[in-house]
Enquirer: 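Would you mind keeping the following structure in view while I ask a few things?
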Amino acid sequence: MGRYFRRKLLIYGLTFVIAVSINFAVPRLMPGDPVARMLTRNSVSNPESSEAMRSYFDNVFGFDVPVWQQYLNYWAALFKGDLGVSVYAFPASVSSVVLDALPYTLALLLPSILLSWVVGNALGAKAARNKLLDNGVLPIGYILTAVPYMWLAILLAWLFGIILGWFPVAGGYSFALTPNFSWPFIVDLLHHWVLPFLSLFIVALGGWAIGMRNLVIYELESDYSNYLQALGAPTRLIRRYAFRNAVLPQITGLALQLGVVVGGALVTEVVFAYPGLGSLLLNAVTNQDFFLLQGILLFIVIGVLLFNFLADVVYVLVDPRTRLGLEGGQS
Amino acid sequence: MSAEAVLQTETVGKRNEHLYFALRNPKVAIGMSVVLLLLLAGLVGPLFISADPMEYIGPKSEAPSADYWFGTTYFGQDVFAQFVHGLRSSYLVGALGGGIAFVIGLTVGFTAGYRGGLVDEFLNMITNVVLVLPALAVLIVISSYLEVRGVVTQAVIIGLFSWPWVARAVRAQTFTLRNRDYVDLARLTGKRAPQIIMREIMPNMASYLLMSMILLFGGAILFAAMLDFIGLGPSNAVSLGTMMQQSMAWSSLHLGTWWWFVPPGLAITAIVGALYITNVGLDEVFNPKLREM
């Protein structure tokens, strides 16, 4: 078990270092001059102020020292929690802007990921070896996995927001209200939350259902199932064993799918103008706010790594073979 | 001589058998026809319709009619013209991005699985790192720094970050194959490693490789659509993702111009969904246990 965790932690640590290094290297390696672009963006025409801004940005990027020292400085700043100052939300710091948006994204992501996983697995397990249900679940599942996240979000917004008018289609809460802990505000928050959540939930559902269906079929054809059947064990029992074995790869799958789901959440938020990381990202892109952009990337990477580690812990708890250092749970 | 002839007819027979079942499998037939039909629309369509899909040609925000099959945009651009041009770039991104990811995944997977030892440790580590890295976030950062973005550059960076799961699967399969007797025999005859991999190992997982190529193709199309939607699409061309982005940016939800955002998303869903269904069909073709006949 110790070896398993050491290996995993090594990979996550390495991933973090590489993500930070990408963040550091991209602005310096890309063709073009980001500083010049920021200056033109701010349309500074006065040569003197342009010069002052240029030296300011050079200073912020730390361009005036050798590259290796820039790299070390970058890490040092990172550990102090200093991700720079956001241009778009000046003078707020990047970390504070991102931390403000983070709760909204988490409130969308966590319930939709977990619920779609649970419901999808239950559906898939039911559909396996059940002709009637299978004929419905399989095609719908494949179509759902093929739907681009933002398109389903647009369709839901159009149907339930514009045509039926049941839900609001933009924002995290009504602009008439100020955020506070009162019932009307919480109800309003939930009202705005339903559609983005639903769209994330539905898109992810299909993949889990299909995966579970295939795994359960595979398990039901394996030797132990046949043996149990030959012994005359009840079908319910056999199916329960098959399900428990099939859940293991799905836990790994949950961790692996996370990057895609986070991407889906970003574009879904853009559709609904939901005030999470996705909308922030859109603002950063349109305003060419590079510090903010990279800050968001770092937060996403850290989140994904934490979640992966959590999935590993769950895997060890669920699968005794990893605990005993036998097979399973390879890195 | 005669043994060779028998062997040859056998392999030919097997290949024909796969083709026979592939053409008669309804899932493969339906999936492939949808993919090919839309590909045809993307290839031929732009030849007949105006060369410049961004041109302002007609009335603004008009519903679909005989003149403008898919209606017009808020600015009076022909949605159908944009649609066929978008199809073209989607297929290009899918083929190029998926192809690059396929080549990288294959190279890494075969090298790691065949060589083993330290090389394997190193490559496996890289594979795992890229696997955990949230690809879309990295792609967003990289493409936001590009001043001029084209369909090709987009495809290349998508390809560079979507190969790891192929590499993992290929590595695992190579592990089980590399110590078979016929591989040892090939090694004894003095064949070089790349040749052994190509001639002895790869044919044994040809079906798997074909299917993973299909999945990579679909995945690249979805990735590109997401990037386009955030506003990081090609700056010189129309794509299905930028169409959706534009329609949202000019509030077509509130104006009710549904013909602007429905076709692009529907086309992506149709292409990727048809690819997945083809995949299931191919699985049945290559794995006789799953056949329903």
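In what follows, chains carry the letters A, B, and so on, assigned in the order in which the sequence lines appear, proteins first and then strands, with residues in each chain numbered from 1.
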Enquirer: What residue, out of A:Ile296, A:Ile210, A:Thr145, has the most heavy-atom pairs lying under 4.5 Å from chain B?
Expert: A:Thr145

Enquirer: Please report the closest heavy-atom contact between A:Ala128 and A:Val216, naming both atoms and the distance.
Expert: CB-CG1, 3.6 Å

Enquirer: Given heavy-atom pairs under 4.5 angstrom as the criterion, report whether the side chain, backbone, both or neither of B:Ala135 touches chain A.
Expert: neither

Enquirer: For A:Ile18, is it the side chain, the backbone, both, or neither that has a heavy atom closer than 4.5 Å to a heavy atom of chain B?
Expert: side chain

Enquirer: Closest heavy-atom contact between B:Phe261 and B:Ser247?
Expert: CB-OG, 3.3 Å

Enquirer: Looking only at heavy atoms, which of residues 264-272 of chain A get nearer than 4.5 Å to chain B?
Expert: A:Gly264, A:Leu266, A:Val267, A:Val270, A:Val271

Enquirer: Does any backbone or side-chain atom of B:Met226 lie under 4.5 Å from a heavy atom of chain A? Answer side chain, backbone, both or neither.
Expert: both

Enquirer: For B:Leu160, give me all partners under side-chain contact (heavy atoms from CB on, under 4.5 Å), at least two apart in sequence or on another chain.
Expert: B:Ile104, B:Val156

Enquirer: Where does A:Leu281 contact chain B at under 4.5 Å (heavy atoms): side chain, backbone, both or neither?
Expert: side chain

Enquirer: Centre-to-centre under 6.0 Å for B:Phe229 and A:Trp151, is that the case here?
Expert: no

Enquirer: Checking A:Ile143 against chain B: side chain, backbone, both or neither under 4.5 Å from a heavy atom?
Expert: both

Enquirer: Against chain B, work out which of A:Ile154, A:Leu293, A:Val301, A:Val169 has the most heavy-atom pairs shorter than 4.5 Å and name it.
Expert: A:Ile154

Enquirer: For B:Asn124 and B:Arg168, does a side-chain donor sit closer than 3.5 Å to a side-chain acceptor?
Expert: no

Enquirer: Could you please spell out the steps behind the side-chain hydrogen bond (donor to acceptor under 3.5 Å, both in side chains) verdict for B:Asp228 and B:Ser239?
Expert: CA-CA 8 Å; B:Asp228 295 349; B:Ser239 74; 2.5 Å; yes

Enquirer: Identify which part of A:Asn23 has an atom lying under 4.5 Å from any heavy atom of chain B, answering side chain, backbone, both or neither.
Expert: side chain

Enquirer: Would you say the ring centroid of A:Phe309 lies under 6.0 angstrom from that of A:Phe5?
Expert: yes

Enquirer: At a heavy-atom separation under 4.5 Å, does A:Ile162 approach chain B through its side chain, its backbone, both, or neither?
Expert: side chain

Enquirer: For the residue pair A:Asp312 / A:Tyr12, report whether a side-chain donor-acceptor contact shorter than 3.5 Å exists.
Expert: yes

Enquirer: Is it the side chain or the backbone of A:Tyr149 that comes within 4.5 Å of chain B heavy atoms, both, or neither?
Expert: side chain

Enquirer: Test of understanding: with side-chain hydrogen bond (donor to acceptor under 3.5 Å, both in side chains), list the residues that count as partners of A:Glu219, not counting sequence neighbours.
Expert: A:Tyr224

Enquirer: Mind checking which of residues 253-262 of chain A sit less than 4.5 Å from chain B, heavy atom to heavy atom?
Expert: A:Leu256, A:Gly259, A:Val260

Enquirer: Step through the shown structure and confirm whether more than 12 heavy atoms of other residues, nucleotides or ligands are within 6.0 Å of OH on A:Tyr218.
Expert: no

Enquirer: I need the minimum non-hydrogen distance between B:Gly109 and B:Thr174, along with the two atoms involved.
Expert: O-OG1, 4.2 Å

Enquirer: With side-chain contact (heavy atoms from CB on, under 4.5 Å) as the criterion, how do B:Leu232 and B:Ser144 come out once you've worked through the C-alpha distance, each side chain's angles and the decisive distance to 0.1 Å?
Expert: CA-CA 6 Å; B:Leu232 294 169; B:Ser144 67; 3.9 Å; yes

Enquirer: Search all heavy atoms of B:Val170 against all heavy atoms of B:Met205 and return the closest pair with its distance.
Expert: O-CE, 4.1 Å

Enquirer: Among B:Leu222, B:Ile271, B:Ile277, which residue has the highest count of heavy-atom pairs closer than 4.5 Å to chain A?
Expert: B:Leu222

Enquirer: So what's closer than 4.5 Å to chain A heavy atoms on B:Val262: side chain, backbone, both or neither?
Expert: both

Enquirer: Out of B:Val272, B:Leu136, B:Thr269, which one racks up the most heavy-atom pairs below 4.5 Å with chain A?
Expert: B:Thr269

Enquirer: Could you look at A:Leu10 and say if it's the side chain, the backbone, both or neither that has a heavy atom under 4.5 Å from chain B?
Expert: side chain

Enquirer: Evaluate salt bridge (charged side-chain N to carboxylate O under 4.0 Å, His left out) for B:Glu121 paired with A:Arg7, printing each intermediate quantity in order.
Expert: CA-CA 11 Å; B:Glu121 282 288 323; A:Arg7 226 188 133 77; 3.7 Å; yes

Enquirer: Looking at A:Leu277 and A:Leu102, what are the two nearest heavy atoms and their distance?
Expert: CD1-CD1, 3.7 Å

Enquirer: For A:Ile300 and B:Pro134, work out which heavy atoms get closest and say how close.
Expert: CG2-CG, 3.8 Å

